[in-house]
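In what follows, a single structure is set out as structure tokens and then discussed.
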Number of protein chains: 2
Amino acid sequence: MTSTTTSPAEPLGRRERKKAATRAAISHAATRLFMERGFDNVSIREVADAADVSPTTVFAHFPQKEALVFDEDDEQREHLVRIVRDRAPGVSISQALLDAYRADVLPPEDPDGVRRREFMAFIDATPALGDYAAKMWLRHEDALAGAIASELGLTEPTEQIRTYARFVLQVQLLAGASETPLETLEAAFGLLDGGWQEYSSHLAG
Amino acid sequence: MTSTTTSPAEPLGRRERKKAATRAAISHAATRLFMERGFDNVSIREVADAADVSPTTVFAHFPQKEALVFDEDDEQREHLVRIVRDRAPGVSISQALLDAYRADVLPPEDPDGVRRREFMAFIDATPALGDYAAKMWLRHEDALAGAIASELGLTEPTEQIRTYARFVLQVQLLAGASETPLETLEAAFGLLDGGWQEYSSHLAG
DNA sequence: ATTGATTTTAAAACTGGTACGAATACAGTT
DNA sequence: AACTGTATTCGTACCAGTTTTAAAATCAAT
């Protein structure tokens with residue numbers, strides 16, 4: 001259910017369907033148990049039992065215990081790149097990122113947003129999960145830097161772009177941990193934009 | 001040898017002296033073995049054996065395996081705070097930090113610097129150590145933000161200061177991982193200084 | 001020297017993760 | 001339908017880091 005193409009429901013063979021089913025069973029059992037008793041109080045063996053599967057099979061589908069919770073690495077990265085690449089005309093990169101982050105941080109409106117918010121609270125409750133999420137998030141640094149570079153007409157990111165990408169990803173983490181996420185967002189982008197706009201306009205000009 | 005007061009050699013009781021000796025024996029055995037065969041190829045049990053101590057005793061002194069390598073948390077934090085607090089008059093905070101980072105990155109001159117460089121290379125060779133070092137380093141964020149705030153005449157760091165502190169710590173990691181650390185340093189501080197100087201002068205003015 | 005608290009230690013247990021080989025289910029071929 | 005190769009699953013045993021448990025040693029104070 002992760003990185004396979006989503007909508008057209010390609011006709012999978014029995015094999016792939018079964019594999020996907022096993023994966024889903026494991027994932028479901030894991031999230032249920034984790035929510036009931038907390039991430040740290042559930043062992044891989046228990047997850048395997050609950051999914052009626054051998055422990056080794058769990059690791060065949062998920063490289064680490066933490067991966068049972070985060071099942072969407074590629075989507076995240078794609079989302080991030082799209083924010084930069086597909087922004088409305090006339091909108092700066094910083095502006096696009098700030099807007100996107102803002103939407104993440106504002107009070108949720110649809111039930112989907114509520115669920116996502118609960119999920120994030122669950123993650124915050126377990127240090128190991130927070131660390132893992134942060135690590136995964138920051139792994140997108142290269143992708144983001146590449147997207148920005150190509151938006152600015154470069155084939156390779158410069159040191160400044162790389163730095164900016166890292167900072168921008170950090171801002172998301174900062175805001176997520178902040179009591180006043182909106183203020184944090186604005187403070188951070190305010191700090192960044194001075195140097196960044198100067199640099200990028202210098203590049204374009 | 002870590003956070004106890006250093007010079008005057010307070011008269012420790014027998015108990016404390018023995019404890020310190022055990023700790024030192026473990027630490028020595030560990031560094032020797034790690035250097036000889038690599039961090040990942042030495043088990044805690046082996047370290048314990050080499051120090052003629054039970055494995056649990058190792059954990060009584062060091063919370064994790066990685067802690068055997070980093071024995072100086074507080075000193076690091078103090079160093080960082082001093083860079084900001086004890087900078088020469090007329091030198092900006094950014095300038096002081098940049099200078100300090102630069103010294104870390106330049107070719108070492110004294111034998112002490114050489115040893116430190118070898119140590120850093122050793123850390124880079126083991127992902128687990130790099131992660132741990134980064135985590136420890138970033139834990140200084142609050143201390144750094146506090147020091148900056150108090151330099152600017154505030155009792156509490158603002159959102160901007162907190163953000164700046166996080167960015168500045170990240171710069172150190174960026175430069176450490178870069179092929180061209182000096183360029184990275186200058187690019188990063190160039191990016192930061194625009195917004196930061198505006199903000200801090202706005203604060204002072 | 002005895003007592004009692006505290007520290008230190010050892011041994012075992014637990015947990016995440018890997019290695020290995022065997023068994024099973026599938027897809028494509030004949 | 002049988003055959004073959006391949007992918008998935010399984011069970012077990014195992015390793016290394018870490019926690020738990022309880023015994024032993026150590027110290028301070030009487």
Side-chain angles (χ1 to χ4, degrees), chain A residues 1-2 4 10-31 33-34 37-70 126-133 135-136, chain B residues 4 10-27 29-31 33-34 36-70 126-133 135-136:
Chain A
M1 210 59 70
T2 312
T4 52
E10 309 190 11
L12 302 187
R14 207 177 319 272
R15 207 174 219 165
E16 274 125 324
R17 249 181 304 124
K18 288 206 168 188
K19 181 172 181 177
T22 309
R23 182 193 176 90
I26 295 171
S27 181
H28 285 154
T31 28
L33 288 176
F34 289 161
R37 322 209 320 251
F39 183 77
D40 290 328
N41 302 323
V42 178
S43 78
I44 295 266
R45 269 98 170 165
E46 288 175 302
V47 173
D49 268 1
D52 196 22
V53 141
S54 136
T56 34
T57 305
V58 174
F59 286 107
H61 288 270
F62 304 91
Q64 307 181 23
K65 189 185 181 187
E66 285 84 358
L68 285 166
V69 178
F70 302 97
T126 311
L129 286 180
D131 288 359
Y132 186 78
K135 217 194 255 174
M136 280 190 48
Chain B
T4 52
E10 311 190 11
L12 303 187
R14 208 176 320 273
R15 211 173 214 166
E16 277 123 323
R17 249 182 303 125
K18 289 206 167 185
K19 180 171 181 178
T22 308
R23 181 193 175 90
I26 295 171
S27 181
T31 28
L33 287 176
F34 289 160
E36 278 174 19
R37 322 206 324 248
F39 183 77
D40 289 329
N41 303 323
V42 178
S43 78
I44 294 265
R45 269 102 169 162
E46 287 175 302
V47 172
D49 268 2
D52 195 24
V53 141
S54 131
T56 24
T57 305
V58 174
F59 285 106
H61 290 270
F62 304 90
Q64 309 181 22
K65 187 185 183 188
E66 285 83 359
L68 285 165
V69 177
F70 302 97
T126 311
L129 285 180
D131 288 359
Y132 187 79
K135 217 195 255 175
M136 282 190 47

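In the text below, chain A, chain B and the rest are named by the order of the sequence lines, each starting its count at 1.
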### Task
With A:K65 as the cation and A:Y132 as the aromatic partner, state whether NZ or CZ is under 6.0 Å from the six-membered ring centre and within 45° of the axis.
no
### A:L33 CG to C:dG16 P, straight-line distance once rounded to whole Å
12 Å
### Message
Once you apply a heavy-atom cut-off of 4.0 Å, does B:S54 come out as touching a base, just sugar-phosphate, or nothing?
### Response
base
### Task
Could you tell me whether A:D52 atom CG has more than 12 heavy atoms of other residues or ligands within 6.0 Å of it?
no
#### Entry: Spacing of A:F39 atom CZ relative to C:dG16 atom P, expressed in whole Å
8 Å
### Query
Does CG belonging to B:D49 count more than 12 external heavy atoms closer than 6.0 Å?
yes
## Note on the structure
Judged by nearest nucleotide, the residue sitting upstream toward the 5' end of DNA chain C, B:P55 or A:R45, is B:P55
### Query
To the nearest Å, how far apart are A:R23 CZ and D:dA7 P?
18 Å
### Nucleotide nearest B:T57 when distance is taken to its side chain, options D:dC10, C:dA11, C:dT9
C:dT9
### Query
Between B:K18 and B:E66, who's closer to the 5' end of DNA chain D by nearest nucleotide?
B:E66
#### Entry: Among C:dC26, D:dC10, C:dG17, the one nearest A:Q64 by side-chain distance
C:dG17
### Query
Of the non-hydrogen atoms in B:F70 and B:A133, which two are nearest, and what is the gap between them?
CZ-CB, 3.5 Å
### Query
Touch check for B:V42, heavy atoms < 4.0 angstrom, all strands: base, sugar-phosphate only, or nothing?
sugar-phosphate
### Task
Report the distance from atom NZ of A:K19 to atom P of D:dA7, rounded to the nearest whole Å.
10 Å
#### Entry: Nearest heavy-atom neighbours spanning A:A25 and A:A51
O-CB, 3.9 Å
### Task
Have a look at B:S43 and say if it touches a base, only the backbone sugar-phosphate, or nothing, with a 4.0 Å heavy-atom cut-off.
sugar-phosphate
### Message
Rounding to an integer number of Å, can you tell me how far B:Y132 OH sits from D:dG17 P?
### Response
14 Å
### Query
When the distance from CG of A:D40 to P of D:dG17 is rounded to whole Å, what number comes out?
20 Å
#### Entry: Interatomic distance, B:F59 CZ vs C:dA12 P [rounded to whole Å]
17 Å
### Message
With a 4.0 Å cutoff (strictly under), does any side-chain N or O of A:H61 reach OP1 or OP2 of D:dT8?
### Response
no
### Task
Give the rounded distance in Å between these two atoms: CG of A:D49 and P of C:dG16.
13 Å
